[in-house]
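Both counts, for ligands and for their atoms, begin at 1 and track the order of listing.
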Amino acid sequence: MPSSDTTKEISSLLLAALKFAAYKHRRQRRKDLEASPYINHPIEVAEALSRIGGITDLLTLQAAILHDTIEDTETSPQELEDYFGQEVCLLVQELTDDKNLPKQERKRLQVEHAPNLSTRAKLIKLGDKICNVGEITATEPAEWPLQRKLEYLDWAERVVSGCRDCNLELAKHFDAVLKKSRESLV
Ligand code: ZN
């Protein structure tokens with residue numbers, strides 16, 4: 001058992017990451033029918049890593065909570081480094097697409113880069129794809145035609161094939177979620 005001081009420190013650091021991400025994503029919504037608050041997504045990713053993957057590493061869980069802040073909000077790498085340290089900052093940067101590139105190129109690079117990510121980044125990438133793939137159903141996202149959903153699932157499978165070696169339980173869970181989403185579309 002960690003000492004109560006250590007437990008307190010871990011709790012504080014995780015809650016600080018949640019507070020920061022909740023503030024940064026405060027005006028964003030997910031693509032589901034209810035337009036859920038965006039923060040639900042990073043919380044789900046971190047929770048899946050902990051519950052399904054058995055991840056207890058603080059840096060990984062913090063970066064999971066923060067993984068979309070640079071890409072999708074007005075957050076600079078320097079800001080993350082100041083609040084959470086260099087390791088968390090570098091980890092989030094590993095998971096950040098270059099928004100100057102066209103969308104198709106960014107998607108291609110995710111497939112290409114997945115095998116070369118650090119182990120922590122692979123875990124978060126896998127958790128991210130589990131959550132995103134789980135949100136694809138016959139009815140959601142409502143504005144996506146069937147073909148776009150099918151292509152998204154195929155692409156997510158290709159990304160995951162490059163990073164699934166980091167955690168067997170998460171990889172198995174991804175397969176189950178992918179199968180369920182595919183079945184919902186036929
Ligand atoms: Zn994400």
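Below the 2.8 Å limit, the Zn ion (ligand 1) has as protein N, O or S neighbours His41 NE2, His67 NE2, Asp68 OD2, Asp128 OD1.
By the 6.0 Å and 45° rule, Arg30 stacks over the aromatic ring of Tyr38.
Atoms CG and NE2, on Leu126 and His173 in that order, are 10.0 Å from each other to the nearest 0.5 Å. One distance of note links CG of Asp97 with NE2 of His113; it measures 9.5 Å at 0.5 Å rounding.
Nearest heavy atom pair, residue Lys24 against residue Thr69, reads CB-CG2, 4.4 Å. The minimum heavy-atom distance linking Val133 with Ser181 is given by the pair O-OG, 2.7 Å.
By the 4.0 Å N-to-carboxylate-O rule, Arg108 lies close enough to Glu105 to be salt-bridged with it.
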